[in-house]
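Here is the structure we will look at.
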Amino acid sequence: MSEAVNEESPLLVGLNEVQKRAVSTVDGPVLILAGAGSGKTRVITHRIAYLIQENQINPENILAVTFTNKASREMKYRVEELLGGMGKGLWVTTFHSMGARVLRKHASAIGYDRNFSIYDDSQQKSTMKAVIKLMNLDPKRYAIRYCLDMISGFKAQSLAPDEVRPRDFDPKLVEIYAAYQEELKQSQAFDFDDLLFQLVKLFRLNPEILAIYQQQFEYIMVDEYQDTNVIQYQLIRMLSNLHHNVCVVGDEDQSIYSWRGADISNILDFKKDFATPEKGVLRFELSINYRCPPACLEAANLLIKNNLQRTSDKAELMASKQADEGISYYLAPNAQDEADYVMSRIDQLSFENVDLSTVVILYRTHAQSRIFEQSFMRYGIPYQIFGNVRFFERREIRDILAYLALLHNPFDADSLFRVVNFPPRGIGATSQDKLRIFSHNHSIPPLLAMDGIDTVGPAVQKKFLMFYEYYNDLRDRLQAGTSLLDLTRAILEELEILHYWDQKDETDRVQNLQELLNTIAEYEREEENPTLEGYLEKSVLISGIDALDEAQQNVTMMTLHNAKGLEYDHVFIVGMEEGLFPHRNSLEDSQNLEEERRLCYVGITRTMQKLTLSGARLRDVYGQLSYQVPSRFLREIGDPFLAPTDFAVGI
DNA sequence: TTACTGATCCTTTTT
DNA sequence: GGATCAGTAA
């Protein structure tokens, strides 16, 4: 069922033949295999615009799912640019935001309050910690991280506690899973995975609710489909099961999230899974790369060939660019020298008036950013880091957000215990444990239990009561219409929190809190209808990459994972050493090793102009000096593409 | 109850 | 090298 390409549409101008067909084929299931730099985003945005402009589809009937908020914002912006205001009502969203949005509407259908909280990683940790403690388990045997990872895995596989086969796993673990879910439920909280897991549950248990969305979303598009997991697959499957107009875009070679449950077979089996008797799957392959210099592309192709588990029969990427500065490799005597080398190169670029926002340093782990950060400061080069200690994860920020979260959702146990003794009120660990147990035994949320607890002495009782009354006072003010900014200011002042940090000479924290007030002010200014709920959701779902500020002339530093979907003129991939990249935890397992290689492939193909690889012979690992061996990926890329002049010799 | 000290375990990658 | 934790003194 090939369609005639509408040559008249301005939305097709400037696209190549395959791109044109991918844009204009809107009916039925469509698979777009899009190699790195092949104009994928362009195809998706033009396709959305095409649907609206040429096929007269109402924007409200289009769903476009991405993985990061940044990607979705970018997509929205570019569609807007193409359509000029006609795109209002489009659902361009991340999987998780979509989950939050739909769950807010129908939470009661699965026994949740619409004011539910969303727990991030650190809240999951403290909740799990409480669970292990309540269950009297050995925290060594049942490490928090391990339990959470397992549970996250279950949820990614769409398995509820009673669906996990205990014979396959430690039965205790399944008990922990059930108890953890119960704890979340008591707190009226969802964790990240729940935003998808519970959404699927909602749809399963309430076909009439699913039907609303099936009818609404006539056209569905999914970006980065190679990184979807079982639960995301199920969601797309459910939602598209009425109209069957589902278009997925992805690239097997760029799958880098299998550790999060992403399953490459989703994209490999798309044909089989989504074809209907009436509508077969159409497949388009974008294999011309418009981004990278030929040497980069050649190197990337050589590298990825070492992966034996590539299953699709897709063609090798072809270069369209001519200009080429080659690839350099610098082997530094030690990590400090590596950083200095990169600095001197960037300094040179700056001297040549290169806009520094076109320069990026990519590394495997966050820990590597520190040495570069120090060098940047020494050289006086402006920089920005993404994802390391995210703003909203700082302790002082979390404390205040916990007050706000508790105001929004009084059931939120984690937030309560976070603030009950901050600033110190003489309610220590012992009293907190008693409150927890009392709350648990009587099935009363801990906040309310503070009013009736009879298992503590009168002195502590009084402290509980005072907290409870202060809480109610704040809540009254919120309901009376006090703005979020004013309320937060009041909390900071009345609890003397700035003073508290000041006293401890923690001026950074004071500054961060001022910055928090700024973000709230900004939120209230920019949002049409600012709410406490909206602000909290934004602060928890936002990820490091979302704060990326292209307007600033700063060099950017980030992990390779964060770089997916981005492109830069000048790319530095640092720490090309065995044990670091590929990471030591992946050396033993060929599957993991292939994922590392794909990660390297992603990194290389971010390059628009010049790629520089580097590594050190000697590096601090866990505070111990260790001799490093150059990464095997360098060998796989091969000498011809590494400019020999840049080799540094010896120590 | 808190605040400090020394020991111990790590960290891969993220919505 | 650093975050987190158990143990101890005030």
Side-chain angles (χ1 to χ4, degrees), chain A residues 65-72 93-100 118-122 124-126 129 139-140 143-146 148-149 152 155-156 190-197 199 224 227-229 231-232 255-262 335 362-371 386-390 392-393 395 421-433 456-457 459-460 463 504 537 540-546 558-564 575 579-587 589 592-593 595-596 598-600 602-603 619-626:
Chain A
V65 193
T66 63
F67 271 78
T68 64
N69 292 302
K70 167 145 173 54
S72 82
T93 172
T94 62
F95 273 106
H96 290 84
S97 302
M98 173 175 74
I118 302 171
Y119 277 6
D120 68 8
D121 191 62
S122 80
Q124 292 179 37
K125 270 191 190 154
S126 45
K129 199 171 164 186
K140 290 258 174 350
I144 292 169
R145 189 71 268 166
Y146 167 75
L148 284 174
D149 282 349
S152 177
K155 288 182 182 175
F190 292 126
D191 66 14
F192 275 137
D193 296 310
D194 275 339
L195 292 177
L196 309 180
F197 178 67
L199 183 61
E224 309 282 9
D227 282 325
T228 50
N229 58 27
I231 197 103
Q232 290 162 335
S255 158
I256 54 176
Y257 283 103
S258 73
W259 51 276
R260 210 172 73 190
L362 303 176
Y363 36 72
R364 181 63 178 80
T365 66
H366 287 301
Q368 291 168 257
S369 68
R370 250 196 70 241
I371 192 161
F386 291 97
N388 202 355
V389 183
R390 294 182 205 155
F392 288 108
E393 283 170 17
R395 199 206 135 170
N421 200 33
F422 178 85
R425 296 185 175 88
I427 302 176
T430 324
S431 308
Q432 288 181 36
D433 282 350
V456 293
V460 180
K463 289 173 191 165
K504 297 185 170 241
E537 197 158 302
V540 69
L541 288 180
I542 216 153
S543 73
I545 198 75
D546 298 319
M558 64 176 83
T559 62
L560 285 143
H561 281 87
N562 271 329
K564 191 171 76 161
L580 198 53
F581 192 29
H583 194 272
R584 52 183 60 76
N585 294 2
S586 302
L587 294 176
D589 178 296
N592 290 342
L593 197 61
E595 181 143 314
E596 297 280 316
R598 289 193 294 269
L599 191 56
C600 188
V602 167
R619 174 185 300 275
D620 254 345
V621 180
Y622 296 145
Q624 267 211 314
L625 271 188
S626 135

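Chain naming here is simple, since letters A, B, ... match the order of the sequence lines and numbering starts at 1 in each.
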- Query: Below 6.0 angstrom between ring centroids: does that apply to A/Phe190 and A/Tyr119?
  - Reply: no
- Task: Take A/Gly426 and A/Thr365, find for each the nucleotide of DNA chain B with the closest heavy atom, and name the residue whose nucleotide sits nearer the 5' end.
- Result: A/Gly426
- Query: In whole angstroms, how far is the C1' atom of B/dC10 from the CG atom of A/Asn585?
  - Reply: 11 Å
- Item | Sole candidate of A/Ile118, A/Ile231, A/Thr94 that passes side-chain contact (heavy atoms from CB on, under 4.5 Å) when paired with A/Leu195 | A/Ile118
- Tell me: CG of A/Asp191 to P of B/dT15, nearest whole Å? 15 Å
- Message: Are A/Leu599 and A/Phe581 packed together at the side-chain level, in the sense that at least one heavy-atom pair is separated by less than 4.5 angstrom?
- Response: yes
- Taking the side chain of A/Thr430 as heavy atoms from C-beta outward, which of B/dT15, B/dT11, B/dT1 is closest to it? B/dT1
- Task: For the residue pair A/Tyr146 and A/Asp149, establish whether any side-chain heavy-atom pair is separated by less than 4.5 Å.
- Result: no
- Message: Please pick, from C/dG2, B/dT2, B/dT14, the nucleotide with the shortest atom-to-atom distance to any side-chain atom of A/Tyr257.
- Response: B/dT14
- Item | Nearest-Å distance for atom pair NE2/P, residues A/His366 and B/dT13 | 5 Å
- Respond yes when some side-chain nitrogen or oxygen of A/Asn562 is under 4.0 Å from OP1 or OP2 of B/dT13, and no when none is. no
- Query: Taking NE2 from A/His96 and P from B/dT15, how many angstroms apart are they, rounded to a whole number?
  - Reply: 9 Å
- Task: Ignoring backbone atoms, test whether A/Thr559 places a side-chain nitrogen or oxygen under 4.0 Å from the OP1 or OP2 oxygen of B/dT14.
- Result: yes
- What's the CZ-P distance between A/Arg395 and C/dG2, to the nearest Å? 19 Å
- How would you label the contact of A/Lys463 with the nucleic acid (heavy atoms, under 4.0 Å): base, sugar-phosphate, or nothing? nothing
- Item | Under-4.0 Å side-chain N/O to phosphate OP1/OP2 contact, A/Lys155 with B/dT15 | no
- Item | Rounded distance (Å) that lies between atom P of B/dT15 and atom CG of A/Asp120 | 12 Å
- Report the nucleotide, chosen from C/dG1, B/dT2, B/dT1, that has the shortest atom-to-atom distance to any side-chain atom of A/Arg370. C/dG1
- Where do A/Asp227 and A/Arg260 land on the salt bridge (charged side-chain N to carboxylate O under 4.0 Å, His left out) test, with the steps shown first? CA-CA 9 Å; A/Asp227 282 325; A/Arg260 210 172 73 190; over 6 Å; no
- Of the listed nucleotides B/dT2, B/dT11, B/dT15, the one nearest the side chain of A/Pro424: B/dT2
- Task: Tell me whether the OP1 or OP2 atom of B/dT15 has a side-chain N or O from A/Ser97 closer than 4.0 Å.
- Result: no
- What is the distance from CG of A/Leu199 to P of B/dT15, rounded to the nearest Å? 19 Å
- With sugar-phosphate meaning primed atoms plus P, OP1 and OP2, does A/Asn421 contact a base, only sugar-phosphate, or nothing at under 4.0 Å between heavy atoms? sugar-phosphate
- Determine yes or no for a side-chain-to-main-chain donor-acceptor pair under 3.5 angstrom, with A/Arg619 supplying the side chain and A/Ala335 the backbone. no
- Task: May I ask you to say what A/Phe67 touches in the nucleic acid, namely base, sugar-phosphate or nothing, with a heavy-atom cut-off under 4.0 Å?
- Result: sugar-phosphate
- Rounded to the Å, how far apart are A/Phe197 CZ and B/dT15 P? 22 Å
- Pairwise 5' ranking along DNA chain B for A/His561 and A/Ile427, keeping only the more 5' one: A/Ile427
